[in-house]
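Nothing fancy with the numbering, it's 1 onward along the sequence.
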Amino acid sequence: MNFQRRPPPRRLSVAPALVMALVLAGCGGASDIADRSTSTPTSGPSSGSSPSVDGPIETADPTTPNDLSGLPKGFGDGPAGSGLSRFTQQNVDWTTCEGGECADVWVPLDYGDPDGLAITLKAQRQVATDPSKRRGSLLINPGGPGESGIDFLGFIGLPPSVRAQYDVVGFDPRGIGRSTPIDCLSDSDLDAYLAADPTPDNTAEITGLREDFAAYAQGCQDRSGPLIQHVSTVEVARDMDVMRQLLGDKRLNFFGASYGTYIGATYAGLFPGKVGRMVLDGAIDPQADPHQVALDQTVGFEKALDNYLQYCVSKGGCPLGDSVQAGKDRLIQFFKDVDAQPLPTTSGREVTEGIAFLGVIVPLYSKDSWQYLSQAMQQALDGNGDILAALSDIYTKRKPDGSYAENSSEAGVPVNCLDHPQNVSVDQILANRQEFVDKAPVFGGVGMWFDYGCSNWPVTPTEQQPDFTAKGAAPIVVVGTTRDPATPYQQAVRLAKELDSGVLLSRDGDGHTAYNTGNTCIDEAINRYLLTGTPPKDGTAC
């Protein structure tokens with residue numbers, strides 16, 4: 001994302017770790033994976049039978065057709081009937097597809113008007129490998145906002161013992177990926193948006209920032225229609241409850257990572273009595289002050305950079321210098337240089353400061369990727385931006401032909417601005433500059449603009465946030481990593497306290513999220529909970 005125009009990034013690190021080596025080896029790994037995530041959503045679910053567990057089946061009456069003229073793809077009248085029951089009792093056809101079974105599910109565009117327009121969610125499941133042990137479904141979400149739960153099926157890393165007992169269900173939330181998608185910009189305009197200056201330092205550049213963001217916001221309205229008003233996390237959580245009923249589960253079992261923890265906590269707040277076994281890894285505190293979140297995350301990436309530089313120096317031959325401070329000074333100057341003169345690439349594309357920033361932070365999500373940052377910086381300091389561009393493209397899902405494999409680079413702002421509307425002035429941002437730069441000398445100049453991410457956003461929320469204490473919910477395991485750059489550890493601590501049944505599980509380590517990162521203590525505690533329902537002791541540290 002172009003971070004000065006959006007709330008801070010919340011992403012899962014596993015996907016970049018999987019593709020990094022392929023990209024840097026010149027094998028086209030990023031585009032190969034991206035090509036598998038571009039299937040077009042169908043117009044709606046096929047017929048078939050699915051159980052409903054929350055009430056008797058009602059006789060379906062035909063609904064009055066909606067006016068679909070001029071709407072983007074993915075809208076429809078929805079299933080026959082009236083009220084919310086027409087969605088919770090719809091017929092869903094699960095058909096064999098690559099990687100499991102796939103289906104489309106209708107949900108109401110607006111839960112305040114369930115007889116109105118409908119949209120589709122794309123879902124995929126991998127059925128329990130031992131039907132005799134099956135205990136229900138496990139829904140999963142990897143974060144974002146903007147990441148695909150379907151893609152998450154391929155790298156969540158659940159062991160055979162868990163897969164034996166659960167149908168693991170990935171879905172693309174409303175507005176995301178294969179589901180009825182948000183669209184804001186053409187590919188070429190998105191290129192320019194992502195490449196724009198993330199550190200405007202004079203009146204003309206600030207004016208350009210504001211004009212670019214206004215054009216982006218207008219594009220979201222023009223190209224996404226009424227969907228842009230209905231992509232809040234509350235609505236995603238309501239969608240999950242529709243899916244729970246269609247899957248035949250009395251309680252929702254859920255594994256959420258990064259922003260996915262926000263979805264899970266919201267579900268718990270809305271439906272505490274329907275919570276089953278829930279894991280929230282790389283937790284976000286939904287009640288945190290947005291400015292503090294922006295500052296904490298900027299500092300989190302700065303600390304991750306410090307740890308990377310310690311590693312880089314200890315390995316010898318670090319391209320950024322022979323000490324942590326030398327590395328930070330060199331990187332500050334590098335960003336200034338690229339701001340003044342973008343780096344060339346062999347493709348002819350320029351690496352601007354905005355692209356370079358993305359290329360630098362992507363490897364900081366995972367300690368396993370630090371070596372690639374060294375390679376990228378060595379090449380960049382030699383005057384070639386190829387690897388930095390490739391790393392940036394992993395994050396934004398940009399393909400070599402200039403198209404985008406999915407809409408994650410466009411969807412984050414609409415979601416976040418419905419969840420946490422704010423309107424921070426440029427004067428306020430400039431007044432906060434020193435606070436950011438003092439605490440994060442390398443990234444503070446970018447992070448200070450995170451607060452502008454929802455300023456003058458043209459859409460107001462239609463849903464209210466729930467009570468995040470979720471009184472009456474079953475135990476919810478909240479997982480935090482002590483040096484997580486994207487979702488700082490203290491957010492997990494706070495969320496575990498806010499949830500009435502929250503249980504804190506901590507990983508002492510680097511990188512974003514804890515599960516399936518090589519920490520046996522973490523993995524065993526989570527797997528045991530999913531298999532038996534017994535959570536780890538509150539405060540367990542690994």
Side-chain angles (χ1 to χ4, degrees), residues 39-48 50 52 54 58-93 102-123 145-146 149 171-184 217-246 263 266 270 406-407 410-411 413-415 417-419 421 457-464:
S39 57
T40 303
T42 63
S43 60
S46 304
S47 61
S50 295
S52 177
D54 281 5
E58 299 178 1
T59 302
D61 296 319
T63 56
T64 302
N66 294 291
D67 181 8
L68 303 177
S69 61
L71 290 175
K73 292 181 179 179
F75 286 84
D77 291 320
S82 62
L84 187 58
S85 63
R86 72 189 181 106
F87 296 97
T88 60
Q89 297 164 11
Q90 67 186 287
N91 292 321
V92 178
D93 186 19
C102 293
D104 291 314
V105 177
W106 286 113
V107 292
L109 170 68
D110 180 359
Y111 277 90
D113 181 19
D115 292 326
L117 288 166
I119 56 176
T120 53
L121 305 180
K122 178 71 75 173
F171 70 100
D172 289 357
R174 58 171 56 215
I176 307 303
R178 304 160 180 85
S179 298
T180 303
I182 289 171
D183 184 22
C184 298
Q218 188 62 54
C220 291
Q221 290 182 292
D222 294 344
R223 299 168 72 99
S224 300
L227 179 64
I228 205 69
Q229 298 174 300
H230 296 289
V231 289
S232 69
T233 301
V234 168
E235 287 159 310
V236 174
R238 295 192 191 281
D239 293 343
M240 287 208 306
D241 200 57
V242 170
M243 293 181 66
R244 173 192 65 79
Q245 295 178 63
L246 294 172
I263 298 174
T266 301
L270 291 171
E406 57 188 55
N407 67 338
E410 298 169 272
V413 171
V415 175
C417 293
L418 289 177
D419 289 346
W457 188 246
V459 179
T460 57
T462 60
E463 299 276 356
Q464 291 187 343

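With sequence neighbours excluded, no residue forms a salt bridge (charged side-chain N to carboxylate O under 4.0 Å, His left out) with D419. Evaluation of the side-chain contact (heavy atoms from CB on, under 4.5 Å) rule for P421 yields P461 as partners, not counting sequence neighbours. Every residue was checked against the salt bridge (charged side-chain N to carboxylate O under 4.0 Å, His left out) condition with D110, not counting sequence neighbours, and none meets it. Not counting sequence neighbours, the partners of P108 by the side-chain contact (heavy atoms from CB on, under 4.5 Å) test are L84, F87, Y111.
Here the side chain of T180 pairs a donor or acceptor atom with the backbone of G74 at under 3.5 angstrom. A donor-acceptor pair under 3.5 Å links the side-chain atoms of R174 to the main chain of L109, judged by distance alone. No donor-acceptor pair closer than 3.5 Å links the side chain of S179 to the backbone N or O of G175. The backbone N or O of K122 sits nowhere less than 3.5 Å from a side-chain atom of R178 that would complete a donor-acceptor pair. Without hydrogens or angle criteria, D172 side chain to G177 main chain gives no donor-acceptor distance under 3.5 Å.
Taking both residues in full, the closest heavy atoms of A217 and W457 are given as CB-CZ3, 3.7 Å, listed atom of the first, atom of the second, then distance. Residues G81 and R86 come closest through the heavy atom pair O-CD, 3.3 Å. Contact record, V242 with Q90: CG1-NE2, 4.4 Å, taken as the closest heavy-atom pair. In plain terms, the two heavy atoms of L270 and A237 that are nearest each other are CD1-CB, 3.8 Å. A pairwise comparison of heavy atoms in G112 and P114 identifies C-CD, 3.6 Å as the closest pair. The two residues C184 and I182 make their nearest non-hydrogen contact at SG-CG2, 3.7 Å.
Two residues are said to be in side-chain contact when any heavy atoms from C-beta on lie closer than 4.5 Å; M240 and I263 meet this criterion. L117 places none of its side-chain heavy atoms less than 4.5 Å from the side chain of I119.
For the atom pair E463 CD and Q229 CD, the distance stands at 12.0 Å (nearest 0.5 Å). Rounding to the nearest 0.5 Å gives a distance of 4.5 Å between CD1 of I228 and SG of C220.
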Show your reasoning for whether side chain to side chain contact (heavy atoms under 4.5 Å, CB included) applies to T120 and V105. CA-CA 5 Å; T120 53; V105 177; over 6 Å; no
What's the verdict on side chain to side chain contact (heavy atoms under 4.5 Å, CB included) for W106 and D77, showing C-alpha distance, side-chain angles and the deciding distance? CA-CA 9 Å; W106 286 113; D77 291 320; over 6 Å; no
Assess whether side chain to side chain contact (heavy atoms under 4.5 Å, CB included) is satisfied between V413 and V415, documenting all intermediate values. CA-CA 5 Å; V413 171; V415 175; over 6 Å; no
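The salt bridge (Lys or Arg N to Asp or Glu O under 4.0 Å) pairs that include a residue from residues 220-236 are D183-R223, where partners are two or more places apart or lie in different chains.
Taking a cutoff of 4.0 Å between a charged side-chain nitrogen and a carboxylate oxygen, D241 and R238 do not qualify as a salt bridge.
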